[in-house]
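See below for the structure under consideration.
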Amino acid sequence: MKTVNKAFPKKDSQALVTGQPVYTEDLAPEGCLCVRILRSPHAHARIVGIDTEKAMKLPGVVGVYTYRDVPKQRFTIAGQTYPEFSPYDRLILENKVRFVGDAVAIVAAETAEAAEEALAAVRVDYEVLPAVLDAREAVDNAVVIHDESDWSALVDTGGDPARNLCTHGSEGAGDPDAVLASCPVTLERTYHTKANQQTMMETFRTFTEMDCYGRLNVTSSTQVPFHVRRILSRALGIPKSDIRVIKPRIGGGFGAKQTAVCEMYPAFVTLKTGRPALLVYTREESMIASSPRHEMIITVRIGAETDGTIRAMTVYTLSNTGAYGDHGPTTVGLSGHKTISLYRIPDFRFSYDVVYTNRMAAGAYRGYGATQGTFAVESAINELAAQLKIDPGRLREINMVRQGDVMPAYYGERTDSCALDRCLDRVREMIGWHPGELRRVMPDGKVRGIGLAMAMQGSGISGVDVGSASISLCDGGFYMLRIGATDMGTGCDTILSQIAAEALDTSFERIAVRGVDTDSSPYDSGSYASSTTYVTGMAVVRAAQQLREKMSSFAAQVLHTDAPLVLEGDRFCYEDGREAIALSALADASMCGNRVELSATVSHSSPTSPPPFMAGAAEVEVDPETGGCRVVRYAAAVDCGTVINPALARVQVEGGIVQGIGMTLYENVTYGSRGLPRERSLMQYRIPTRLDVGEIAVDFVSSYEPSGPYGAKSIGEIVINTPAPAIAEAICQATGKRFRELPVMPQHILMEEGK
């Protein structure tokens with residue numbers, strides 16, 4: 001292959017490293033109104049009075065808007081394919097607030113200073129209501145968080161707002177309870193993962209303006225431009241045809257920007273005033289009013305034979321969706337489907353409750369529920385190995401899913417590309433795994449331990465996600481690739497260009513790529529669920545194939561020949577190798593007296609979602625005197641099918657591992673007794689730096705996925721899932737203490753809070 005599996009630089013690299021104006025705020029026009037949000041100081045309250053008169057009289061203030069001014073149609077801000085699984089449970093503004101930081105009023109002013117002064121001048125009288133802050137106390141609590149009569153859901157996921165239930169369900173195969181009762185070895189453990197913030201460098205931000213045709217133009221740092229158009233249409237009560245959404249470069253998203261956190265506020269201001277409006281969240285707002293990872297409490301039961309054969313497993317997940325149901329019904333599924341399926345288990349049950357609480361609404365974060373579930377299930381596997389006195393690697397060898405297996409807990413899909421066994425072998429080699437020698441005391445008294453974990457994810461949402469691509473031959477003989485997929489720093493513009501170049505037998509440089517504009521890009525579900533390379537990549541392959549056929553037919557027409565023509569780089573040739581016509585000449589010919597458009601547009605959706613697989617191993621060093629713990633080495637072996645761009649894939653793996661380390665050892669969203677988030681800046685919310693993550697070694701173990709572009713699967717999310725269970729196991733090897741709640745901090749280790 002000429003371009004696939006090659007390390008090309010990102011298409012936008014020069015613009016980024018030279019500081020060109022490419023981000024949302026860079027592109028906002030002069031004279032934008034400054035939009036600010038007044039936020040609730042209470043976790044649960046009803047607004048009984050709100051006075052904006054003083055604020056409106058301040059110099060430079062253009063508008064102050066409350067729940068009285070906004071449309072009254074409920075919607076969800078979850079960026080999901082229609083019909084959304086998430087309930088319609090929010091308004092732009094409401095006379096009831098459900099978490100500290102919930103929106104109370106919108107201010108629009110000429111300057112940031114005037115907007116801030118206006119916020120301080122708004123007077124609000126609240127009837128403070130009792131709050132539910134603990135997910136374990138939410139179901140059937142006397143405090144009902146969503147007592148509105150117009151709560152609705154397009155898809156029945158078992159939600160019952162009167163019981164504080166956003167979602168409820170159960171599924172499985174066989175009779176796991178009976179099998180568990182018959183097993184000679186059983187284990188039951190409960191694990192707790194806290195909420196985490198994505199902490200992307202670019203906070204949430206959007207600017208809006210009316211164009212000369214009277215349409216609302218929205219430029220936003222979003223992963224889901226087409227979903228934003230639909231969300232705004234419902235929230236604002238205007239037709240989708242009146243909305244255009246443009247996605248510039250994004251300064252990171254990690255799933256946070258799969259949720260339309262802020263777009264409705266400046267859009268509403270522009271509709272009310274007719275003027276351009278800009279909203280840029282502060283870091284504090286992005287910490288207290290955003291869309292962090294769902295807190296989950298997961299109970300795992302396993303039944304096994306004494307030789308290590310696992311016969312049954314049950315997983316119960318209690319997920320905290322917070323004040324609103326954004327992504328609540330969808331994240332929870334991955335905590336079971338993508339964890340039980342790692343193993344050959346004939347009898348299983350996965351059940352779940354997703355509950356409302358008076359905390360900040362949770363949303364999408366890389367791994368999307370599989371991360372929490374992997375920590376629980378892989379930790380339970382490690383505990384089972386200890387109980388059986390079997391090497392954890394050997395226990396996995398006995399039970400792991402392999403090539404050609406059908407996975408009942410993963411919608412009955414078959415593994416047509418699975419190198420998990422080779423990933424496990426490779427990662428043990430990389431970390432220096434020797435059974436019985438997973439702990440060692442260093443000369444300075446510190447203790448090191450090694451832990452292991454495996455993971456699987458998916459490649460898009462089967463039967464749901466749609467990726468599209470348009471490719472045109474342009475004058476001069478270059479190609480224009482138009483996509484609806486969102487590059488949020490991952491390099492998908494580059495990867496899809498490589499796929500197009502391979503399919504068109506041309507150079508990478510001859511592919512120009514155009515980012516997302518809902519007026520001109522073909523429809524795409526967006527960049528989430530690890531879908532872009534696999535789903536949109538196949539759309540690119542098929543569009544290129546169609547374009548080749550069109551070009552070949554047109555070349556024969558121009559040359560008045562019936563002889564077969566072959567595309568070879570920048571020219572069409574006869575079968576004997578003689579040049580027939582240069583691509584540039586063919587492109588020029590298509591622009592004069594021609595009725596054939598040399599362009600192809602293809603949409604693609606896959607009925608399956610082939611899992612990428614990963615094995616990860618961590619070596620940690622613990623200081624017994626302080627409880628300090630650091631990752632010395634992390635080894636990762638990843639099966640993502642064919643690697644399209646090794647350089648970008650490696651960065652994806654390294655970045656995901658760092659985030660997983662942060663989740664395990666540092667990051668935590670905590671609340672005071674009244675529901676006030678304690679971590680309101682990056683001074684309180686600690687994320688790991690390069691100095692905190694030790695040596696990261698990455699290797700790719702290739703398989704070939706027949707349904708993917710050139711054998712590729714996804715890589716974006718799988719890479720965050722193994723650090724938590726691997727590090728927790730390494731800490732146990734070093735200290736003898738098991739920690740089933742994240743994060744594991746020095747004080748926990750020092751006070752021996754593990755079991």
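- Of the N and O atoms on the side chains of His337 and Glu171, at least one donor lies less than 3.5 Å from an acceptor on the other residue.
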### Query
So Arg426 and Asp699, salt bridge (Lys or Arg N to Asp or Glu O under 4.0 Å) or not? Walk me through it.
CA-CA 8 Å; Arg426 180 69 184 113; Asp699 200 4; 2.6 Å; yes
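- Under the side-chain hydrogen bond (donor to acceptor under 3.5 Å, both in side chains) test applied with Tyr534, the options Ser459, Ser606, Ser714, Ser609 reduce to a single match, Ser606.
- Of the N and O atoms on the side chains of Glu502 and Thr3, at least one donor lies less than 3.5 Å from an acceptor on the other residue.
- Of the N and O atoms on the side chains of Thr371 and Asn721, at least one donor lies less than 3.5 Å from an acceptor on the other residue.
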### Message
Before you tell me yes or no, could you show the steps for Glu429 and Arg422 under salt bridge (Lys or Arg N to Asp or Glu O under 4.0 Å), namely the whole-Å CA-CA distance, both residues' side-chain angles and the distance that decides it to 0.1 Å?
### Response
CA-CA 11 Å; Glu429 178 185 346; Arg422 289 186 282 128; over 6 Å; no
### Task
Please test Asp505 against Lys2 for salt bridge (Lys or Arg N to Asp or Glu O under 4.0 Å), starting from the C-alpha separation and ending with a verdict.
CA-CA 8 Å; Asp505 191 29; Lys2 295 181 179 178; 2.7 Å; yes
### Criterion side-chain hydrogen bond (donor to acceptor under 3.5 Å, both in side chains) on Thr642 and Asn5, from CA distance to verdict
CA-CA 7 Å; Thr642 300; Asn5 202 226; over 6 Å; no
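- A donor-acceptor pair under 3.5 Å is formed between the side chain of Lys6 and the backbone N or O of Met1.
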### Message
Under the criterion salt bridge (Lys or Arg N to Asp or Glu O under 4.0 Å), I'd like the reasoning laid out for Arg301 against Asp177: C-alpha separation, chi angles, the key distance, then a yes or no.
### Response
CA-CA 10 Å; Arg301 297 166 66 210; Asp177 294 321; 3.2 Å; yes
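- No side-chain donor-acceptor contact under 3.5 Å links Ser468 and His604.
- Not counting sequence neighbours, the partners of Ala728 by the side-chain contact (heavy atoms from CB on, under 4.5 Å) test are Phe375.
- For the residue pair Ser170 / Ser351, no side-chain donor-acceptor distance below 3.5 Å is found, with atom types taken as modelled.
- Side-chain contact, His294 with Tyr368: no donor N or O sits under 3.5 Å from an acceptor N or O.
- Contact annotation: the side chain of Met407 approaches that of Val401 to within less than 4.5 Å [non-hydrogen atoms, C-beta and beyond].
- For the residue pair Arg366 and Asn196, no side-chain donor N or O sits within less than 3.5 Å of a side-chain acceptor on the partner.
- In this structure, the separation between CD1 on Ile250 and OG1 on Thr222 is 6.5 Å, given to the nearest 0.5 Å.
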### Task
Apply the test side chain to side chain contact (heavy atoms under 4.5 Å, CB included) to residues Ile499 and Ile644: give CA-CA distance (whole Å), side-chain angles for both, the deciding distance (0.1 Å), then the verdict.
CA-CA 8 Å; Ile499 292 171; Ile644 302 295; 4.3 Å; yes
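- Side-chain atoms of Glu729 and Gln733 form a donor-acceptor pair, as typed in the model, at a separation below 3.5 Å.
- For Ser417 against Glu705, the heavy-atom pair with the smallest separation is OG-OE1, 2.6 Å.
- Under the side-chain contact (heavy atoms from CB on, under 4.5 Å) criterion, Val602 pairs with Arg542, Ala543, Gln546, not counting sequence neighbours.
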### Message
What verdict does the side chain to side chain contact (heavy atoms under 4.5 Å, CB included) test give for Leu187 and Gln387, after you've listed the backbone C-alpha separation in whole Å, the side-chain angles of each residue and the deciding distance to 0.1 Å?
### Response
CA-CA 9 Å; Leu187 174 144; Gln387 186 171 326; 3.6 Å; yes
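- Using a 4.5 Å heavy-atom cutoff, the side chains of Ile297 and Tyr316 are not in contact.
- Every residue two or more places apart in sequence or in another chain that forms a salt bridge (Lys or Arg N to Asp or Glu O under 4.0 Å) with Asp639 is listed here: Lys713.
- Side chain of Gln258 to main chain of Tyr528: no donor-acceptor pair is present (N/O by atom type, distance under 3.5 Å, no hydrogens or angles).
- Side chains of Thr190 and Thr299: a donor-acceptor N/O pair is present below 3.5 angstrom, by distance only.
- Closest non-hydrogen pair, Ala617 versus Leu452, comes out as CB-CD1, 4.1 Å.
- Looking at every heavy atom in both residues, Ala485 comes nearest to Thr532 through CB-CG2, 3.7 Å.
- Residues forming a ring pair (Phe, Tyr, Trp, His ring centres under 6.0 Å) with Phe85 (at least two apart in sequence, or on another chain): none.
- The side-chain heavy atoms of Leu384 and Val185, taken from C-beta on, include a pair separated by under 4.5 Å.
- Looking at Ile381 and Ile302, their side chains come closer than 4.5 Å, going by heavy atoms from C-beta outward.
- Side-chain contact check for Gln372 versus Leu742: every heavy-atom pair is 4.5 Å or farther apart.
- Annotation: side chain of Leu504 is in contact with side chain of Ile511 (closest heavy-atom distance under 4.5 Å).
- Scanning both residues, Pro725 and Asn382, for their nearest heavy atoms gives O-ND2, 3.9 Å.
- With hydrogens and angles ignored, the 3.5 Å screen pairs no side-chain donor or acceptor of Thr601 with any backbone N or O of Ser470.
- Under 3.5 Å, the side chains of Thr330 and Gln80 contain a donor-acceptor pair of N or O atoms.
- Considering only heavy atoms from C-beta on, Val466 comes within 4.5 Å of Tyr523 through its side chain.
- Although no hydrogens or angles enter the test, the distance criterion places a donor-acceptor pair under 3.5 Å between the side chain of Ser497 and the main chain of Asp493.
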### Message
Apply side-chain hydrogen bond (donor to acceptor under 3.5 Å, both in side chains) to residues His227 and Glu84 and explain how you reach the verdict.
### Response
CA-CA 10 Å; His227 294 335; Glu84 306 99 322; over 6 Å; no
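- Not counting sequence neighbours, the partners of Ser530 by the side chain to side chain donor-acceptor pair (under 3.5 Å) test are Glu717.
- Using a 4.5 Å cut-off on side-chain heavy atoms (C-beta onward), Cys166 and Val355 make no contact.
- Heavy atoms only, all atoms of each residue included: Pro723 and Ile661 are closest at CB-N, 3.9 Å.
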#### Entry: side chain to side chain contact (heavy atoms under 4.5 Å, CB included) between Val354 and Leu165, intermediate numbers included
CA-CA 6 Å; Val354 181; Leu165 268 177; over 6 Å; no
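- In this structure, the ring of Phe350 has its center less than 6.0 angstrom from the ring center of Tyr352.
- To the nearest 0.5 angstrom, Tyr634 atom OH is 13.0 Å from Glu619 atom CD.
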### Message
Using side chain to side chain contact (heavy atoms under 4.5 Å, CB included), reason through Leu334 and Thr339 one step at a time and then give a plain yes or no.
### Response
CA-CA 8 Å; Leu334 280 70; Thr339 54; over 6 Å; no
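- With sequence neighbours excluded, the residues forming a salt bridge (Lys or Arg N to Asp or Glu O under 4.0 Å) with Asp416 are Arg414, listed by chain and number.
- In this structure, the separation between OG1 on Thr317 and CD1 on Ile298 is 4.0 Å, given to the nearest 0.5 Å.
- Classification of the Phe254-Tyr365 ring pair by plane angle, with boundaries at 30° and 60°, yields tilted.
- Of all the heavy atoms in Gln457 and Ile718, the pair that sits closest is N-CD1, 3.6 Å.
- Note on Asp405 versus Arg344: salt bridge recorded, some NZ/NE/NH1/NH2 to OD/OE distance being below 4.0 Å.
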